[in-house]
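Below, all heavy atoms of this structure are taken into account, side chains as well, without hydrogens, waters or symmetry copies.
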Amino acid sequence: MAHSTRETERKYAPPADGMSWLPDLAGVGPVAELADQGVQDLDAVYYDTEDLRLSRSRASLRRRSGGTDAGWHLKLPLPGDSREEIQAPLSSEEVPEELRDLAFSRTRGAPLRPVIRIRSTRSVHHLLGADGEVLAELSVDDVTAEALLDDGGRATWKEMEVELAEDGDPALLDTVEKALREHGVDRAQSPSKVARGLRETTSLLNGTTDTRGDVTPGSAGDHVLAYVDRLAGALRDLDPAVRRELPDSVHQMRTTARRLRGCLRSYRSVLDREATDLVRQDLKWLANELGVERDHEVLRERLTTGVSELPGELVLGAVEARLRTWDAAQRTEARRRTLDTLASPRYLNLLDNLQALTDAPPLRAKAAGEPEKVLVKALLKEYERLAARMEPALDMTPGPKRDAAIHDARKAAKRLRYAAEAARAALGKPAARLGKRAKAVQQVSGAQHDSVVTCDVLRDLAVAAHAAGEPGFTWGLLYGQERASARSRERRLPEAWARVRAAARPRKLRG
């Protein structure tokens with residue numbers, strides 16, 4: 001069974017003037033002592049696809065022996081100096097299936113093979129605090145890299161690593177780095193051994209050809225592509241979290257798919273729809289499949305909270321037991337559907353098409369246009385689509401037809417919000433204001449829809465309870481509360497909508 005740790009470290013190169021690069025760090029910040037921990041011999045074979053898809057996405061997979069953490073290690077990038085390291089034991093020469101699955105969104109199913117062997121002789125030191133606690137580990141490595149690909153070479157170098165102890169203060173890295181720089185020790189240019197080793201022993205990571213064409217900096221296309229790149233990367237990075245059931249990961253992945261789909265729809269004047277429509281369809285499918293598990297998460301939270309907040313004398317019958325039974329059945333099926341989705345050929349095809357889209361975007365002529373014209377026009381179109389849904393919905397009398405109309409308007413509000421997010425870097429405060437107000441409409445209408453859906457589930461639970469001879473009082477009470485909440489949200493919609501109308505005036509959007 002794999003387990004995960006977070007590592008936060010920085011790498012340094014030897015001083016150019018040949019000075020000793022291991023200065024006495026005692027007295028630097030909270031460091032009281034530098035304690036020698038001896039020498040370790042480390043031997044790691046790194047696995048990747050033939051075209052180095054892991055390395056190109058700043059991830060790595062290795063089988064390492066020696067040292068204190070021998071095993072299989074999958075390293076995934078995190079913001080700043082951190083990475084997540086998912087470890088599995090050295091039980092086999094083959095890549096563990098769990099790590100293979102967690103790397104899938106990066107490898108896109110391509111076979112993994114040994115690509116480089118890196119051996120290090122490591123001198124380890126602990127940076128100790130005043131009470132003897134380990135604040136960080138400092139290691140000096142003599143590294144030998146040998147490519148395992150055809151026509152690969154060999155390289156050697158020295159480097160230093162400073163890695164925080166678990167739960168260490170990130171500010172310590174800045175303090176230590178300042179002291180190291182005073183002794184002529186600067187940051188290494190390469191973020192990892194495997195990246196440096198592959199660059200120095202092969203040509204696969206060097207001289208990458210630019211296939212994105214002529215994208216004018218600051219143009220409409222430049223801004224849209226930056227947003228698409230960020231979301232495509234986020235979707236890829238969220239895949240391992242969803243497979244491991246990390247909190248909120250399904251919600252984040254679903255929202256990312258919707259954002260990306262909305263961007264491709266809103267900015268069809270920038271990216272050719274003949275190339276993006278299939279991607280949009282698959283993103284819609286992915287969001288819908290993930291929605292089964294996410295919607296259950298929302299319902300479970302609402303129902304559990306609703307029951308827990310009732311006074312005990314109002315909870316009649318086997319309410320909590322029935323709720324647990326319902327949850328277990330629904331959650332198991334929803335989880336199975338999510339995992340089936342991530343294992344499907346359609347999902348793999350989506351990952352391939354997203355990579356192709358970001359590598360060689362299908363730009364249209366308007367991609368070279370000024371953001372103030374191209375992006376504003378797209379935003380106004382999304383606003384008009386929202387208005388065409390919201391205005392009739394607000395004129396309807398309360399009931400199921402109005403509930404459905406508000407839900408449709410909510411979808412349009414999300415598209416306007418996401419389009420404004422994509423334009424924010426180019427248009428500044430006007431786009432940010434419009435996006436914020438569209439989000440408010442989305443949230444109010446979304447809360448109304450959640451109450452409507454919860455009412456349907458409560459009715460089903462009440463019918464099942466009645467059939468089993470249980471009291472239906474508590475389910476009816478919760479139903480009434482949710483219905484009242486839905487109507488309360490509806491009354492807030494006109495004010496939220498008026499604020500969107502005010503922010504969507506062309507003159508305001510153009511600053």
Side-chain angles (χ1 to χ4, degrees), residues 53 56-58 77 79-80 106 191 205-238 255-280 282-283 350-385 414-436 438-439 503-504 506-511:
R53 295 178 182 182
R56 293 180 193 280
S57 63
R58 300 189 302 118
R106 287 177 158 80
L205 292 182
N206 299 317
T208 304
T209 302
D210 182 9
T211 59
R212 296 179 67 103
D214 296 327
V215 182
T216 305
S219 65
D222 185 33
H223 286 287
V224 171
L225 287 179
Y227 190 71
V228 169
D229 284 350
R230 180 165 64 83
L231 291 179
L235 193 73
R236 176 201 64 207
D237 292 348
L238 284 165
T255 300
T256 300
R258 285 177 162 176
R259 277 185 162 91
L260 186 49
R261 174 175 173 250
C263 178
L264 296 178
R265 182 187 190 278
S266 298
Y267 295 107
R268 288 177 292 187
S269 61
V270 174
L271 296 171
D272 191 344
R273 66 177 301 171
E274 289 189 8
T276 61
D277 276 359
L278 180 59
V279 175
R280 286 177 49 229
D282 286 345
L283 287 168
L350 170 60
L351 293 175
D352 283 337
N353 287 338
L354 276 176
Q355 188 65 49
L357 178 67
T358 55
D359 284 347
L363 297 173
R364 300 185 65 189
K366 288 187 178 180
E370 297 179 3
E372 291 76 9
K373 294 181 179 180
V374 177
L375 304 188
V376 167
K377 185 176 181 179
L379 286 177
L380 291 175
K381 282 186 176 181
E382 291 297 352
Y383 166 75
E384 290 165 2
R385 294 187 184 100
K414 282 195 291 188
R415 286 195 289 269
L416 175 59
R417 173 192 170 189
Y418 299 155
E421 286 179 356
R424 182 173 179 175
L427 304 181
K429 289 184 179 179
R433 178 170 56 244
L434 179 60
K436 182 178 180 180
K439 179 181 178 181
R507 179 178 57 83
K508 286 194 172 183
L509 283 175
R510 293 188 176 95

Any chance you could measure [X], atom [atom1], to [Y], atom [atom2], to the nearest 0.5 Å?
X: Thr255; Y: Tyr418; atom1: OG1; atom2: OH; answer: 5.0 Å
X: Arg415; Y: Arg385; atom1: CZ; atom2: CZ; answer: 7.5 Å
X: Glu421; Y: Leu416; atom1: CD; atom2: CG; answer: 10.5 Å
X: Asp282; Y: Leu278; atom1: CG; atom2: CG; answer: 5.0 Å

CA sep, side-chain torsions, deciding dist, call: Tyr227, His223, side chain to side chain contact (heavy atoms under 4.5 Å, CB included)
CA-CA 6 Å; Tyr227 190 71; His223 286 287; over 6 Å; no

Heavy-atom pair of closest approach, residues [X] and [Y]:
X: Pro362; Y: Ala275; answer: CG-CB, 3.5 Å
X: Ser219; Y: Thr216; answer: OG-O, 2.6 Å
X: Leu379; Y: Ala423; answer: CD1-CB, 4.1 Å
X: Gly221; Y: Val215; answer: C-CG1, 4.1 Å
X: Cys263; Y: Val228; answer: SG-CG2, 3.9 Å
X: Ser266; Y: Ala378; answer: O-CB, 3.5 Å

Salt bridge (Lys or Arg N to Asp or Glu O under 4.0 Å) partners of Arg433, counting only residues at least two apart
none

Report yes if some heavy atom in the side chain of Leu354 is under 4.5 Å from a heavy atom in the side chain of Leu350; otherwise report no.
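Side-chain contact under 4.5 Å: yes.
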
Just jot down the side chain to side chain donor-acceptor pair (under 3.5 Å) partners of [X], sequence neighbours excluded, or say none.
X: Ser57; result: Arg106
X: Arg258; result: none
X: Asp222; result: none

Please identify which of these residues, Leu271, Val270, Thr358, meets the side-chain contact (heavy atoms from CB on, under 4.5 Å) condition with Leu225.
Leu271

Let me see the working for Val224 and Leu375 under side chain to side chain contact (heavy atoms under 4.5 Å, CB included), right down to the final yes or no.
CA-CA 9 Å; Val224 171; Leu375 304 188; 3.9 Å; yes

Sequence neighbours left out, what passes ring-ring contact (aromatic ring centres under 6.0 Å, His included) with Tyr383? Give chain and number order.
Trp497

Pairs in or reaching into residues 263-275: which pass salt bridge (charged side-chain N to carboxylate O under 4.0 Å, His left out), with residues at least two apart or in two chains?
Arg265-Glu382, Arg273-Asp277

Check whether any side-chain N or O of Tyr267 sits under 3.5 Å from a backbone N or O of Ala419 as a donor-acceptor pair, and report yes or no.
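The answer is yes, because a donor-acceptor pair under 3.5 Å joins these two groups.
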
Residues in side-chain contact (heavy atoms from CB on, under 4.5 Å) contact with [X], at least two apart in sequence or another chain:
X: Leu238; result: Gln252, Met253, Thr256
X: Lys377; result: Lys366, Lys381
X: Arg424; result: Ala432
X: Arg261; result: Arg280, Leu283, Lys284

Heavy-atom count check: over 12 atoms from other residues, nucleotides or ligands less than 6.0 Å from Lys439 NZ?
no

